[in-house]
Protein chains: 2
Amino acid sequence: MPQPHERIFKALADPTRRAIFERLCRDGDQTVAALTARAGVSQPAVSKHLGVLKQAGLVRDRHEGRNTHYSAELGALAPLIDWTNQMAGFWQSRFDNLEDLLKRMDR
Amino acid sequence: MPQPHERIFKALADPTRRAIFERLCRDGDQTVAALTARAGVSQPAVSKHLGVLKQAGLVRDRHEGRNTHYSAELGALAPLIDWTNQMAGFWQSRFDNLEDLLKRMDR
DNA sequence: TTTATAAATAGCCAGCGAGTTATCGATTAC
DNA sequence: GTAATCGATAACTCGCTGGCTATTTATAAA
């Protein structure tokens, strides 16, 4: 329901969660146990973080026996990139308008 | 002390704050009163949000008489873009490694 | 000089969110 | 079949954050 970048910003605002995501980007596929080993927080905490990342579309999960593997969904960063570009676009067009104005004042 | 993208992610995670920043990008220079008029929250709330955005380096303020004008500091989005590229880079290099592996297996 | 306005600060409160431990369901190993 | 392991869920605590009103400080207007 919220705009795509809404959940993404919130998901990535937490350092622990961002670290998990970074790790998945760096090293690929990981089980919850493997992620927990390096997260510095308890396993349930990691599970919750993974849930949030999943809701934001930033990770996928894959069940394999009693293990669950998570992996980064890199395409999910697109809304964030789009948003950034949009901000830059606003900036640019304001700059263009200023240029226009100066040009008009010039003649 | 925190990494630059840390404060930026946190600052932009809040919808009200992000809306203020978007408005500054879109429409440029704004007084606190002007921002408050559209923010849907009280003036002190807006001031606090502007403080957070300023700490994150996302906005500048300029005093003019009893008015304070804020404007977006677009360059401040760079760490965010860098971070995104870095994630994409990790992804790419893992892909490259996989390619290498397949190549080695091939011969 | 008094009054009014802009914006920041102080102080408070409620809700959320990240953490914990305990538990449960599912799967594998013995 | 029983025990052990993986991961998710439940239930709780606690600190932080976003909101408010009231106040303060600074500047402008009367």
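Numbered from 1 within each chain, the chains take letters A, B, ... in sequence-line order. These numbers were taken from a predicted model, which means no experiment stands behind them.
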Do E6(A) and R18(B) come within less than 4.5 Å of each other through their side chains, counting heavy atoms only? yes

Value in whole Å for how far the C1' atom of dT9(C) lies from CG of D61(B): 15 Å

For atom NZ of K48(A) and atom P of dT21(C), their distance in whole Å: 13 Å

At less than 4.0 Å, is any side-chain N or O atom of S47(B) found next to OP1 or OP2 of dA7(C)? Yes or no. no

Heavy-atom pair with the smallest gap, counting every atom of L74(B) and C25(B): CD1-SG, 4.3 Å

Name all pairs fulfilling the salt bridge (Lys or Arg N to Asp or Glu O under 4.0 Å) condition that reach into residues 65-84 of chain B, sequence neighbours left out, sorted by first residue then second. R60(B)-E73(B)

With a non-hydrogen cut-off below 4.0 angstrom, is A45(A) in contact with a base, only sugar-phosphate, or nothing? base

Just to be sure I understand the geometry, which residues of residues 21-36 of chain A put a non-hydrogen atom under 4.0 Å away from DNA chain D? T31(A), V32(A), A33(A)

Can you list everything that forms a side-chain contact (heavy atoms from CB on, under 4.5 Å) with P79(B)? Sequence neighbours excluded, please. P4(B), H5(B), I8(B)

First and last nucleotide of DNA chain D in contact with chain A, 5' to 3', at under 4.0 Å to a heavy atom: what are they? dA4(D) to dT9(D)

Would you list the pairs meeting salt bridge (Lys or Arg N to Asp or Glu O under 4.0 Å) in which at least one residue belongs to residues 83-93 of chain A, sequence neighbours left out? none

Can you find a side-chain donor-acceptor pair between T31(A) and H69(A) that sits under 3.5 Å? no

With sequence neighbours excluded, tell me which residues meet side-chain contact (heavy atoms from CB on, under 4.5 Å) with T36(A). V32(A), Q43(A), V46(A)

Pairs touching residues 27-36 of chain B that satisfy salt bridge (Lys or Arg N to Asp or Glu O under 4.0 Å), sequence neighbours left out: R23(B)-D27(B), D29(B)-R62(B)

Are L12(A) and L80(B) side-chain neighbours, meaning at least one heavy-atom pair lies under 4.5 Å? no

Please list, chain by chain and in numerical order, all residues satisfying side-chain contact (heavy atoms from CB on, under 4.5 Å) with A37(B), sequence neighbours excluded. none

Partner set under ring-ring contact (aromatic ring centres under 6.0 Å, His included) for F21(A), not counting sequence neighbours: none

Please list all pairs passing the salt bridge (Lys or Arg N to Asp or Glu O under 4.0 Å) test where one or both residues lie in residues 33-55 of chain B, with sequence neighbours left out. K54(B)-D61(B)

For dA6(C) and Y70(B) - does any side-chain N or O of the residue sit under 4.0 Å from the phosphate oxygens OP1/OP2? no

Give one of base, sugar-phosphate or nothing for S42(A), where a contact means two heavy atoms less than 4.0 Å apart. base

Contact between L50(B) and L35(B) at the side-chain level, heavy atoms closer than 4.5 Å - yes or no? yes

Near DNA chain C, counting only heavy atoms under 4.0 Å, which residues of residues 51-60 of chain A show up? none

K10(B) atom NZ is separated from dG17(C) atom P, nearest whole Å, by 14 Å

Along nucleotides 22-30 of chain C, 5' to 3', which nucleotides get a B, which get an S, and which get a -, given that the test is a protein heavy-atom distance under 4.0 Å? B----BB--

